[in-house]
A.B. asks: 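Dropping the structure in here first, questions after.
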Amino acid sequence: MSLLNDLTGADSALSPRAACLRLTAIGALVAGTTGAFAYAGGWLSPGDLTQGRIVDRFEQVNGPHPGFRRNHAKGLCLAGRFESSGRGAGVSTASLFGTGRVTPITGRIALAGGQPYAADAATTVRSLALRFHLPDGEEWRTGNNDIPVFPVRSPEGFYAQLLAAKPDPATGRPDPEALKAFFAAHPESAKAASLIKARTITSGFADDTFRSLNAFRFIAADGTRTPVRWAFVPEQAATEESPAQRSRADKNVLFDDFESAVRRAPVRWHLVVTLGQPGDPTADATRPWPVERQSLDVGTVIVADTQSEADGNCRDVNFDPLVLPAGIVGSDDPLLSARSAAYAQSFTRRAGEPKTPSAVQNTPATGAGL
């Protein structure tokens, strides 16, 4: 119960009603952040739960939006390049880490959730998905989010949380008792939600940090396998959302600000890889690694162009986290294969549906620096 009290801030000074409202708010936050990924069948009874049923659940919660992703539905395409620092070559044979190597990239910034026309909100989880176009047809696809940890550690936990955080049609909010039961049964999620709630929310995409959350493994030339997590850390100094931003009526404020930033100058993130040590959790995305772990700045992502989603660009790409080049492999985190299967299900459905223009209709930037 102490974890639950820490999470909700409940103590003797709070009335039962206030504690209930705070718990509901935390439940809404966790519901939004778990929207970052989805569960795939195979861990629970295949006859009872599959990735198809989980995608069905997203559709039930968010309503029908044919042609759009079932999650991270609102997004904007980007393009640019990755410039390697050469520091990654000692821990991974992936060709993009070679000294002096420049790799073209395309990708997408997006907001979590299945509402493609929802107004931007500062507290909504943001994502940065990238596709590295390597030689000889190789690719690296990676989806990253601006939260410090993932709210659950297993597909079973995800499914339980998804049900617990389902909004009540009568109130539009999760049932506080269901959330209370979920956190009591999943104390690791209570801890994770506390970390997520405490994160700094920056003014936009360009000054935000995006993390892999899941662990992977780098393979060196001598066969050494190193557990890793990574983050895309902005060159731009992080600032909090200003009152002027909050008062703007622009429904696409975060996307419009990002486009404006790219027009002024290419937006840059450093790819910082954290090297795990024996005992660091690789199968539990709710637990951060110790801050003293060694990290390597392996290169810089430079975004020099933006484009509205349309035929043939990032709209039609499945950013499957297990599309990996030689030199990078997945870890024992069960959420990785879960994400992969659910993304495939969502992609297959939307591929056969009529398309509607994105809410984010931006004019391409100059392309300078590509």
Side-chain angles (χ1 to χ4, degrees), residues 2-9 23 25-39 71-72 110-113 122-129 142-162 164-165 179 182-202 208-217 227-234 238 269 271-277 279-295 321 330-340 342:
S2 61
L3 284 174
L4 188 60
N5 288 342
D6 289 343
L7 176 63
T8 62
L23 183 62
I26 291 295
L29 179 147
V30 175
T33 57
T34 52
F37 309 132
Y39 165 81
N71 187 32
H72 296 276
L111 296 178
T123 56
T124 304
V125 173
R126 306 166 193 162
S127 67
L128 173 67
T142 176
N144 310 274
N145 293 270
D146 73 338
I147 50 178
V149 293
F150 195 62
V152 298
R153 67 183 178 192
S154 69
E156 294 89 342
F158 177 84
Y159 186 56
Q161 183 279 328
L162 188 62
L179 288 173
F182 169 76
F183 285 126
H186 299 83
E188 72 282 357
S189 292
K191 291 180 179 179
S194 294
L195 294 173
I196 294 168
K197 182 183 178 183
R199 78 191 192 280
T200 297
I201 298 174
T202 69
D208 210 346
T209 295
F210 298 89
R211 300 173 178 85
S212 65
L213 301 181
N214 303 112
F216 292 79
R217 296 188 189 279
V228 297
R229 288 175 174 173
W230 56 74
F232 292 90
V233 180
W269 285 279
L271 175 50
V272 178
V273 175
T274 299
L275 308 182
Q277 294 291 326
D280 289 340
T282 56
D284 186 350
T286 68
R287 294 171 58 193
W289 287 355
V291 295
E292 63 269 20
R293 289 292 176 262
Q294 180 185 1
S295 62
S331 70
D332 54 348
D333 189 334
L335 291 174
L336 280 173
S337 53
R339 289 174 60 192
S340 180

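No hydrogens, no waters, no symmetry mates; every other heavy atom, side chains included, goes into these values. None of the values given here were measured: they were computed from a predicted structure.
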A.B. asks: Could you tell me the separation between the CG atom of L213 and the CH2 atom of W230, rounded to the nearest 0.5 Å?
C.D. replies: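 Rounded to the nearest 0.5 Å, the CG-CH2 separation comes out at 10.5 Å.
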
A.B. asks: Taking only residues two or more places apart in sequence or in another chain, which ones pass side chain to side chain contact (heavy atoms under 4.5 Å, CB included) with E292?
C.D. replies: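 E292 satisfies side chain to side chain contact (heavy atoms under 4.5 Å, CB included) with P290 only.
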
A.B. asks: To the nearest 0.5 Å, what is the distance between CG (L128) and CH2 (W269)?
C.D. replies: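 So the CG of L128 and the CH2 of W269 are separated by 5.0 Å.
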
A.B. asks: Atom OG of S154 and atom CG of L335: how far apart are they, to the nearest 0.5 Å?
C.D. replies: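 Answer rounded to 0.5 Å: 7.0 Å.
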
A.B. asks: Only counting residues at least two apart or in another chain, list the ones meeting salt bridge (charged side-chain N to carboxylate O under 4.0 Å, His left out) with R211.
C.D. replies: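 Here no residue qualifies.
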
A.B. asks: Any idea which heavy atoms bring I196 and V149 closest together, and the distance?
C.D. replies: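 Looking at all heavy atoms of both residues, the shortest contact is CD1-O, 3.6 Å.
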
A.B. asks: Check T209 against A231 and note the closest heavy-atom contact, atom names and distance.
C.D. replies: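 Looks like CG2-CB, 4.1 Å.
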
A.B. asks: Taking only residues two or more places apart in sequence or in another chain, which ones pass side chain to side chain donor-acceptor pair (under 3.5 Å) with D208?
C.D. replies: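 By the side chain to side chain donor-acceptor pair (under 3.5 Å) rule, D208 matches R126.
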
A.B. asks: Quick one: list whatever passes side chain to side chain contact (heavy atoms under 4.5 Å, CB included) with A215, sequence neighbours left out.
C.D. replies: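 Counting only residues at least two positions away or on another chain, A215 forms a side chain to side chain contact (heavy atoms under 4.5 Å, CB included) with R229, T282, W289, S331.
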
A.B. asks: Enter the distance from F150:CZ to N145:CG here, rounded to the nearest 0.5 Å.
C.D. replies: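 Rounded to the nearest 0.5 Å, the CZ-CG separation comes to 8.0 Å.
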
A.B. asks: Evaluate the side-chain proximity of V273 to F216: yes if any heavy-atom separation is below 4.5 Å, no if none is.
C.D. replies: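 The answer is no, as the side chains (C-beta and beyond) never meet within the 4.5 Å cut-off.
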
A.B. asks: Taking salt bridge (charged side-chain N to carboxylate O under 4.0 Å, His left out) as the test, write out the residues that go with R293, two or more places apart.
C.D. replies: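 Partners of R293 under the salt bridge (charged side-chain N to carboxylate O under 4.0 Å, His left out) test: D280.
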
A.B. asks: Restricting to salt bridge (charged side-chain N to carboxylate O under 4.0 Å, His left out), what partner residues turn up for D284, sequence neighbours left out?
C.D. replies: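 For D284, the residues satisfying salt bridge (charged side-chain N to carboxylate O under 4.0 Å, His left out) (neighbours in sequence not counted) are R153.
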
A.B. asks: If you round to the nearest 0.5 Å, how far is CG of N214 from OG of S337?
C.D. replies: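 Reported value, rounded in 0.5 Å steps: 10.0 Å.
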
A.B. asks: Please find the pair of heavy atoms, one from D332 and one from R217, that lie closest to each other, and give the distance.
C.D. replies: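 Nearest heavy atoms, D332 then R217: OD1-NH2, 4.2 Å.
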
A.B. asks: Which heavy atom of A192 sits nearest a heavy atom of P151, and at what distance?
C.D. replies: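 Residues A192 and P151, closest heavy atoms: CB-CA, 4.0 Å.
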
A.B. asks: Which residue in the set S295, P227, S212 passes side-chain contact (heavy atoms from CB on, under 4.5 Å) when paired with T274?
C.D. replies: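 In the set S295, P227, S212, the residue that makes a side-chain contact (heavy atoms from CB on, under 4.5 Å) with T274 is S295.
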
A.B. asks: Indicate the atoms forming the closest heavy-atom contact of L336 with G330, along with that distance.
C.D. replies: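 It is CD1-CA, 4.1 Å.
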
A.B. asks: Once you round to the nearest 0.5 Å, how far does OG1 of T124 lie from CG of L111?
C.D. replies: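 Result: 5.5 Å between the selected atoms.
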
A.B. asks: Determine the minimum heavy-atom distance between F182 and A164, stating which atoms define it.
C.D. replies: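 Heavy atoms of F182 and A164 come nearest at CB-CB, 3.7 Å.
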
A.B. asks: Passes side chain to side chain contact (heavy atoms under 4.5 Å, CB included), V152 versus H186? Steps please.
C.D. replies: CA-CA 8 Å; V152 298; H186 299 83; over 6 Å; no

A.B. asks: Please report the C-alpha distance between L275 and V228 in whole Å, then the side-chain angles of each, then the deciding distance to 0.1 Å, and finally whether the side chain to side chain contact (heavy atoms under 4.5 Å, CB included) criterion is met.
C.D. replies: CA-CA 5 Å; L275 308 182; V228 297; 3.9 Å; yes

A.B. asks: Is there side-chain contact between R199 and I147, with heavy atoms separated by less than 4.5 Å?
C.D. replies: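 Yes; the side chains approach each other to less than 4.5 Å.
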
